[in-house]
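To keep things clear, I will list the structure first and then write my remarks on it.
Below, each value reflects all heavy atoms present in this structure, side chains not excepted, and no hydrogens, waters or symmetry copies. In what follows, chains are A, B, ... by sequence order, proteins preceding strands, each numbered from 1.
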Amino acid sequence: MSDIILETRGLTKHYGGVHALEDANFTLRAGEHIAVVGDNGAGKSTFVRQITGVEQRTAGKVWFGGDEVIFSGPIAAREAGIETVFQNLALADDLDVPSNLFLGRELIKFNLGPFSILDHKTMRERTQQALTKTAVKIPNLSSAIRNMSGGQRQCVAIARSASFASKLIIMDEPTAALGVQETAQVENIIRGLKARGVPLILVSHNLRQVFDLVDRIVVFRRGRIVASLAKHETDGNDIVSYITGVKGSEAALEKPGLT
Amino acid sequence: MWGNDMRVAMNTAHRRQAPGEVNVLIGLIVIAIIFEALGWIQPAWRSDVAAQSFLLNKLRLSIIIGQVAITGIIAVGVTQVIITGGIDLSSGSVVGAAAMIAMSFAQASANARAVYPYLTDMPIIVPALVAVLCGALAGVVNGGLIAYTKIPPFIATLGMMVTARGIASWYTKGQPISFPTDEYTVFGSGMHPVMIFVALAALFHLVLRYTLYGRRTYAIGSNEEAARVSGINVERHLLLVYTIAGALAGIAALVLTSKNLTAQAGMGVMYELDAIAMAVIGGVSLSGGRGSIVGTVLGALIFGVITSGFTFLGIDAYYQQIIKGGIIVSAVVADVARQKRAARRA
Ligand SMILES: Nc1ncnc2c1ncn2[C@@H]1O[C@H](COP(=O)(O)OP(=O)(O)OP(=O)(O)O)[C@@H](O)[C@H]1O
Ligand SMILES: [Mg+2]
């Protein structure tokens, strides 16, 4: 048995003429936390969308838990054990916390097809437990998400992915637009995941955070993976030079006069 | 850590507003009191009437409720459509078409001029089912177009508005259908329309609050993309919601023809707007995700009180239309303002 959780080979996504993701080879091992960094438009979110089945890839292969997978949609990915916090949050603003936590996987008291009776009570209790487990503090569970701060909303989204038993969690810029304290809270949740041995892919622009939290850093540039470095064999300047293309870009190396 | 939590808690408590329904209820009471006051002082400018109470009049109250019962049934469906972020402009025309087709199955054989003589003296279950099915069929077409071809709800249901009205006229080449069987009059007699309205409103209130159907309806209207990535089959659900709205329009047609003892191709004209107005006045947000059946029922009562109040004060029907239009626009403006406040807070 290999300990590889997720592997992609030649993963490619073109939007018409836009080569958003090109030939991505990526490996994640059991318990590993990997950061995905890169400039705006480098293809990080595109990479996440191909793995999670939100979009169908142009080419390439994905293995998850040892099996080759083609997810028909995000639900299929979730059922296989991949929980995702998307960059746009994917919360329903007018619903309360338990409704959001259980959105699309509601607990049911009495099965009547689409008219099944919801089990409000259990969902509420489980939400309370999930929030306690992830140390997220939300004052009023039954208030609509709309009335909460950006940080609280983000914590709900993260608690949702962290609380359902999963084999891999992907977070796309979970702390963008959060305050210092809220960021610290999210980072605590991530440390909790590490302690529990849940593997993580963290898309982030925050290098301080990346060096604090993860084991390995993968750099995207113009749709390609240009570096994959263990934390201890690199530093901030090194990563920045990969992000900006000073290092690692074959095109830059090949062009005469630039070497 | 504790200090922070306290602050967050207080912040949220401070921000929390009274639920929309409470505001609508207050609005209803205020409007009723205004009419009551005007009732007592109206001899000051009208010589033809005596001072009298607006509210303490059983007949008037039952007329108010009776008036809104039929459009209220439609509004129960329209509310669900609006909560998904859609709109249904076809319900009035669907009432017309369903009325004509259902009534043709309800004629008594004693009527020598029956439009379809071989369809006379059917048991009432037949026209009742026909009415509901006609409405549901129109809803299936609406919902199918909106969900699967991504035509905006406004356009799809506008098309159905014209088409269904055309079917209503074509069905008997414009001829009205009258003289139903005695049994058929059961749906519209006495307080039955009100009872049907209240029963349907209660049913769908429970369905929206306590079932998966309700949860999905709100989730789609709140954030369609989030609903989709969370695993909700958005298309299938929209189809179901529009079908239910259509079926409710069919039930409204049944009650209306049973009450009026006749069906005409022009029945139900503008009912869709009244139903939408009831929902909007009741606090259902046109941008989706927010509102409730309770709100719509209160909105329907406001609608009924205003209509009846204008008549009570002897205000000319023309002015009634103009003022009603103003009220509907104000309700939408208030909704948009709420929206903006919410967006600023987020
Ligand atoms: N649906 C789409 N259609 C066309 N082009 C797209 C689409 N989605 C993304 N792109 C393009 O693909 C490229 C990569 O986008 P992506 O969202 O993956 O970047 P990112 O690395 O996540 O950036 P950010 O840090 O800003 O989130 C960009 O040039 C973007 O404009
Ligand atoms: Mg991105």
(request) Report, as yes or no, whether the 6.0 Å neighbourhood of atom OH on B:Tyr148 holds more than 12 heavy atoms from other residues, nucleotides or ligands. (result) yes
(message) Using side chain to side chain contact (heavy atoms under 4.5 Å, CB included), reason through B:Ile232 and A:Leu103 one step at a time and then give a plain yes or no.
(response) CA-CA 8 Å; B:Ile232 294 172; A:Leu103 194 59; 4.0 Å; yes
(message) Consider side-chain contact (heavy atoms from CB on, under 4.5 Å). Of A:Leu91, A:Asp94, A:Asn100, which one does B:Ser222 pass it with?
(response) A:Asp94
(request) Mark yes when over 12 heavy atoms from residues, nucleotides or ligands other than A:Arg105 sit less than 6.0 Å from its CZ; otherwise mark no. (result) yes
(request) Could you look at B:Val229 and say if it's the side chain, the backbone, both or neither that has a heavy atom under 4.5 Å from chain A? (result) both
(message) Quick check for you: to the nearest 0.5 Å, what is the distance between B:Tyr210 atom OH and A:His120 atom NE2?
(response) 6.5 Å
(request) Using non-hydrogen atoms and a 4.5 Å limit, figure out which bit of A:Ile108 sits close to chain B: side chain, backbone, both or neither. (result) side chain
(request) Just give me the residue among A:Asp119, A:Leu112, A:Ile117 that pairs up with chain B most often, heavy atom to heavy atom, under 4.5 Å. (result) A:Ile117
(request) Specify which of B:Thr211, B:Leu240, B:Ile220 makes the most heavy-atom pairs with chain A at under 4.5 Å. (result) B:Thr211
(message) Below 4.5 Å, heavy-atom pairs only: which of A:Ile138, A:Thr52, A:Leu118 has the largest tally toward chain B?
(response) A:Leu118
(message) I need the B:Asn223 CG to A:Ile145 CD1 distance, nearest 0.5 Å.
(response) 11.0 Å
(request) Mind checking the CZ-CG spacing from B:Arg290 to A:Leu95? Nearest 0.5 Å is all I need. (result) 11.0 Å
(request) Output the option from A:Ala144, A:Pro74, A:Ser116 having the highest count of non-hydrogen pairs under 4.5 Å with chain B. (result) A:Ser116
(request) Write down the atom of B:Leu212, the atom of A:Gly113, and the distance for their closest heavy-atom approach. (result) CD2-O, 4.1 Å
(request) Under 4.5 Å, counting heavy-atom pairs only, tell me which of B:His237, B:Arg216, B:Arg215, B:Glu224 racks up the most with chain A. (result) B:Arg215
(message) I need the A:Glu106 CD to B:Ser230 OG distance, nearest 0.5 Å.
(response) 8.5 Å
